[in-house]
Amino acid sequence: MWDDAKIKDFQETLLTWYDSEKRDLPWRRNHEPYHIWVSEIMLQQTQVNTVIPYYERFMDWFPTVESFASAPEERILKAWEGLGYYSRVRNMQKAAKQVVQDYAGQWPQTANELQNLVGIGPYTAGAIASIAFNEAVPAVDGNAFRVFSRLFEIEDDIVKPQTRVIFEHVIQQVISKERPGDFNQAIMDLGSSYMTAKNPDPEHSPVKRFNQAYLDGKELEFPVKSKKPRPVEMAYAALVIETDKGFLFEKRSSKGMLANLLAFPLLRVDDLKEKPDDELLTDELVIKLDQWSQENLNQPLVFSPLEGQMVKHTFTHQKWLIDLFVVKTKAFDLSYFPGEFILEKDFDQIAVPKVQQKIWDRYLSLSSNKF
DNA sequence: CAGCCGTGGTT
DNA sequence: TAACCAAGGCT
């Protein structure tokens with residue numbers, strides 16, 4: 001471990017660099033906890049350039065924590081459309097209601113208390129506490145893992161949850177007690193510029209003389225990170241049911257993929273083998289779908305396979321292979337089905353996940369090709 | 001703890 | 001293309 005003089009040297013070197021080179025980001029205009037919070041949740045597993053336009057629009061739509069807490073669910077989901085990990089925004093609204101009701105609109109000011117809010121874990125609590133309230137606590141994200149594993153040649157696997165605690169202890173030793181928020185943000189800027197995962201530039205880094213891994217010629221050996229398994233392939237049938245009142249959307253279950261979002265009904269067909277030409281066995285499947293419609297919609301629909309290439313969509317853990325089946329019919333009673341008919345002109349009012357957009361695009365191209 | 005939860009960009 | 005990466009948290 002470094003001695004006090006080296007720690008002081010590191011802090012001054014880092015913060016001097018940060019003062020002159022820090023990125024101009026919309027959530028760095030002030031230290032409002034609401035602003036910091038929104039940006040930190042958006043930035044979870046999401047790149048800065050992706051977040052910026054979402055952040056600007058979010059603040060336009062929901063200028064205060066009170067306005068966000070009272071917004072309709074469809075509106076907050078729409079604000080999140082395309083960002084992914086949709087439970088983040090639903091948890092955000094729960095947390096906002098906690099702040100408004102349990103804390104009378106006054107945010108808790110320590111990392112420990114902040115973790116009582118839904119969706120705020122160790123990293124986000126540290127980030128908000130240090131940036132908004134100047135508490136000298138670490139904020140261990142992917143950048144911090146990358147930067148400090150290299151500086152100290154820490155070989156623990158960063159995929160393992162307990163490794164975070166090791167890094168917190170190290171960072172607690174070197175963090176600036178005067179400017180903890182700037183210190184944590186400087187580490188993030190460093191991790192996304194000179195100390196990136198794949199093409200780092202340690203030679204020109206402001207902290208290169210503190211970078212033991214670089215000095216030893218082992219920059220790319222850190223951080224140590226075990227590999228994740230490849231996505232599991234799953235076959236689906238997507239049902240495009242068009243009526244005089246609009247297309248049928250299903251409100252998805254509150255658990256699992258794309259929870260609570262609206263989408264065309266999707267049926268797992270994992271017991272059916274794919275044909276070599278990349279299609280499901282449609283004859284068998286059409287019969288199953290007809291049965292499904294009778295049992296779930298109380299409506300004897302007869303589906304037709306929409307011939308053409310299947311839709312493929314890869315998530316972190318799953319790869320979906322989707323064939324389309326269509327039927328045009330008269331609107332029917334939806335009392336026993338969790339869903340609704342939506343006219344095409346109203347599609348832009350609801351939040352749809354990427355895979356749903358792909359299915360719609362494929363439907364449009366295939367059905368227009370017929371004529 | 002290990003598995004789950006989206007999307008867009010890069011190589 | 002497949003694999004990996006990006007300001008993680010929940011169960």
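Just so you know, these numbers come straight off a predicted model, no measurement behind them. The basis for the numbers below is simple: all heavy atoms, side chains too, and nothing from hydrogens, waters or symmetry mates.
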Touch class at under 4.0 angstrom, heavy-atom based, for A:Val51 against every strand present: nothing

Validation row, ring centre A:Phe249 to ring centre A:Phe337 under 6.0 Å: no

Touch class at under 4.0 angstrom, heavy-atom based, for A:Ile187 against every strand present: nothing

side-chain N/O A:Arg230 vs C:dA3 OP1/OP2, d < 4.0 Å: yes

Between A:Phe210 and A:Trp2, ring centroids under 6.0 Å: yes

Along DNA chain B (nearest heavy atom to each residue), the more 5'-positioned of A:Gly82 and A:Pro161: A:Pro161

Distance in angstrom units between A:Leu190 CG and C:dA7 C1', rounded: 14 Å

Sugar-phosphate, base or nothing in reach of A:Asn199, heavy atoms under 4.0 Å: sugar-phosphate

Separation of the P atoms in C:dT1 and B:dG8, to the nearest angstrom: 16 Å

Sole residue of A:Asp323, A:Val326, A:Val240 in side-chain contact (heavy atoms from CB on, under 4.5 Å) with A:Leu306: A:Val326

Below 4.0 Å: OP1/OP2 of B:dG6 and any side-chain N or O of A:His313: no

Sugar-phosphate, base or nothing in reach of A:Gly256, heavy atoms under 4.0 Å: sugar-phosphate

Atom-pair distance (CD1 on A:Ile158; P on C:dC4), nearest Å: 13 Å

A:Phe325-A:Phe303 aromatic ring centre distance below 6.0 Å: no

Sugar-phosphate, base or nothing in reach of A:Met188, heavy atoms under 4.0 Å: base

Whole angstrom value for the distance that separates C1' of C:dA6 from OH of A:Tyr55: 19 Å

Integer-rounded Å distance: B:dG9 P and A:Phe315 CZ: 17 Å

Side chain A:Arg23 and base C:dA7 donor-acceptor under 3.5 Å: yes

Rounded distance in Å - NZ (A:Lys228) to C1' (B:dC4): 10 Å

Rounded distance in Å between the P positions of C:dA6 and B:dC4: 22 Å

A:Tyr363 ring center near A:Trp360 ring center (under 6.0 Å): yes

Sugar-phosphate, base or nothing in reach of A:Ala197, heavy atoms under 4.0 Å: sugar-phosphate

Short side-chain N/O contact to C:dC5 OP1/OP2 from A:Arg146, under 4.0 Å: no

Pairwise C1' distance, B:dG6 and C:dC4 [rounded to whole Å]: 15 Å

N/O donor-acceptor pair, side chain A:Thr50 with base B:dG9, under 3.5 angstrom: no

Nearest listed nucleotide, side chain of A:Gln47, among C:dG9, B:dT7, B:dG8: B:dG8

side-chain N/O A:Ser87 vs C:dG9 OP1/OP2, d < 4.0 Å: no

Atom-pair distance (NZ on A:Lys358; C1' on B:dG6), nearest Å: 11 Å

B:dG8 phosphate, OP1 or OP2, under 4.0 Å from A:Gln45 side-chain N/O: no

A:Arg268 to A:Tyr236, cation-pi by 6.0 Å centre distance and 45° axis angle: yes

Sugar-phosphate, base or nothing in reach of A:Ile41, heavy atoms under 4.0 Å: nothing

Ring centers of A:Phe145, A:Phe167 separated by less than 6.0 Å: yes

Closest to the A:Lys198 side chain, choosing from C:dC4, C:dG9, C:dA2: C:dC4

Side-chain N,O (A:Gln162) to OP1/OP2 (B:dC1) below 4.0 Å: yes

Closest to side chain of A:Met257, choosing from C:dA2, B:dG6, C:dC4: B:dG6

Along DNA chain B (nearest heavy atom to each residue), the more 5'-positioned of A:His317 and A:Tyr54: A:His317

Sugar-phosphate, base or nothing in reach of A:Lys227, heavy atoms under 4.0 Å: sugar-phosphate

Sugar-phosphate only, base, or nothing, as touched by A:Trp27 at under 4.0 Å among non-hydrogen atoms: base

N or O in side chain of A:Tyr86 less than 4.0 angstrom from B:dT7 OP1/OP2: yes

Whole angstrom value for the distance that separates P of C:dA7 from CG of A:Asn49: 12 Å

A:Arg164 vs C:dG8: side-chain N/O to OP1/OP2 distance below 4.0 Å: no

Upstream residue (5' side of DNA chain C) when A:Tyr85 and A:Pro231 are each assigned their closest nucleotide: A:Pro231

Gap in Å between the two C1' atoms, one belonging to C:dA7 and one to B:dG3, rounded: 22 Å

Geometric class of the A:Phe68/A:Trp37 ring pair [parallel <30°, tilted 30-60°, perpendicular >60°]: perpendicular

Sugar-phosphate, base or nothing in reach of A:Arg252, heavy atoms under 4.0 Å: nothing

Sugar-phosphate only, base, or nothing, as touched by A:Thr314 at under 4.0 Å among non-hydrogen atoms: base

Nearest-Å distance for atom pair CZ/P, residues A:Arg88 and B:dC5: 15 Å

